[in-house]
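Keep in mind that what you see is a predicted model, and the values were worked out from it rather than measured. Side chains included, hydrogens not; waters and symmetry mates left out as well; all remaining heavy atoms used.
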Amino acid sequence: MLSEPRSGRLAAWGNALLAGLVSPDDAVLAIVGEDAVHRVEGLPGESAPVGLTLALGRLRTLGASGLRIALPAPGHPLGLSGPPEFNARALEAEEAVVCEGAALGLVPEVYEAGPAGDVHVEVVWHCLPVREAPPADVPSLGEAERELAEALRDATMVLSRLDVAGSGPVAEAAVDAYRARAERGREVLAPGYPPRAVRVLELAQRVGLLISVASANGPGGAVSASEIAARAEALRPVERTARRAQVAAYNSVVEERGVR
């Protein structure tokens, strides 16, 4: 939850590009981020992988009017609408982008390349057909914000009740990561997104921070296997809420434009 999904960057900056709010070069630079290169494979009309600039232009030509994200987990096909092949690929990657108006979806596959000491990350987005249907279990921004406020309270209560350690190097590193992210938070969502979407996304990341601290800090005061299992079970719906809110934030600009 702390790291920005690549599908989020692609959707956010792709939407800004489709709306004419940023240049292709700026959009691609933001999408690639710290990765070395992104390519798109399986794009209709292309026999080989192509760069993001060409791919985004081709998607527009094919009818794409907006980009949504999906963040599925086992038993929770969040943001997906089928078919099974695409859903399976998205579930394996734990994320995907779905085009509005083009019946196509993109699933990232991440590779590490280069010699030891100079390893870089390359991403291939696999373009596949999708079913044109409402995405699964995506709330509105208003719903997501209300659910997150409750989830944050619940997560705090759970961690306190189970005596989860809130200090130490792991927790401090997680907090530092969140703070650094918050300081540059406005670049998470590209131009064109409503302020409420930024607020919801930042709150979702804060809830994700608590879950990460709970998961990384060992058993805390939960000394038995049953107590550790109880913690995981208690935090599962909180993590689910945070993922739903992330999807709502990234998809909000498409919803706001009335794209269906």
Side-chain angles (χ1 to χ4, degrees), residues 1-9 11-12 68-80 87-88 90-97 107-108 110 135-166 168 170-182 185 188-189 197-222 225-252:
M1 286 300 301
L2 285 179
S3 60
E4 181 184 11
R6 288 180 172 87
S7 58
R9 293 204 305 266
R68 300 175 184 267
I69 79 165
L71 296 177
H76 188 205
L78 176 61
L80 297 176
N87 285 6
L91 181 58
E92 183 178 0
E94 299 182 339
E95 60 177 311
V97 171
V107 180
V110 181
D137 197 34
V138 179
S140 68
L141 269 181
E143 292 170 334
E145 194 167 28
R146 289 191 296 272
E147 292 173 0
L148 274 174
E150 297 175 2
L152 184 58
R153 183 179 63 247
D154 292 345
T156 303
M157 291 175 59
V158 167
L159 299 189
S160 298
R161 187 174 72 247
L162 297 178
D163 191 22
V164 174
V170 174
E172 290 172 5
V175 172
D176 288 344
Y178 173 76
R179 286 174 177 164
R181 178 51 177 268
V188 172
L189 288 176
V198 177
R199 185 168 68 245
V200 167
L201 184 56
E202 289 175 343
L203 186 55
Q205 291 170 342
R206 184 179 176 191
V207 173
L209 170 68
L210 292 178
I211 296 170
S212 296
V213 170
S215 301
N217 262 3
S226 62
E227 288 170 327
I228 295 172
R231 177 202 300 178
E233 182 64 25
L235 289 176
R236 190 169 294 114
V238 181
E239 187 275 337
R240 182 187 182 107
T241 297
R243 277 190 300 110
R244 292 180 77 235
Q246 271 197 308
V247 172
Y250 283 114
N251 293 357
S252 62

Identify the heavy atoms of [X] and [Y] that sit nearest to each other, and give their distance.
X	Y	answer
Ala144	Pro139	CB-CG, 4.1 Å
Ala96	Ser7	O-CB, 3.5 Å
Leu71	Glu95	CD2-CB, 3.8 Å
Leu141	Ala249	CD2-CA, 3.9 Å
Ala11	Ile69	CB-CG2, 3.3 Å
His76	Asp137	NE2-OD2, 2.5 Å

Heavy-atom side-chain contact between Gln246 and Leu201 under 4.5 Å: yes
Side chain to side chain, Glu150 and Thr241, heavy atoms closer than 4.5 Å: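 A side-chain contact under 4.5 Å is absent here.
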Partners meeting salt bridge (charged side-chain N to carboxylate O under 4.0 Å, His left out) with Glu147 (sequence neighbours left out): Arg244
Heavy atoms from other residues, nucleotides or ligands near CD of Glu92 exceed 12 (cutoff 6.0 Å):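 Result for CD/Glu92: open.
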Worked check of side chain to side chain contact (heavy atoms under 4.5 Å, CB included) between Val110 and Arg6: CA-CA 10 Å; Val110 181; Arg6 288 180 172 87; 3.7 Å; yes
For Arg236, all residues meeting side-chain hydrogen bond (donor to acceptor under 3.5 Å, both in side chains), sequence neighbours excluded: Glu233
Distance (rounded to the nearest 0.5 Å) between Glu202 CD and Leu148 CG: 12.0 Å
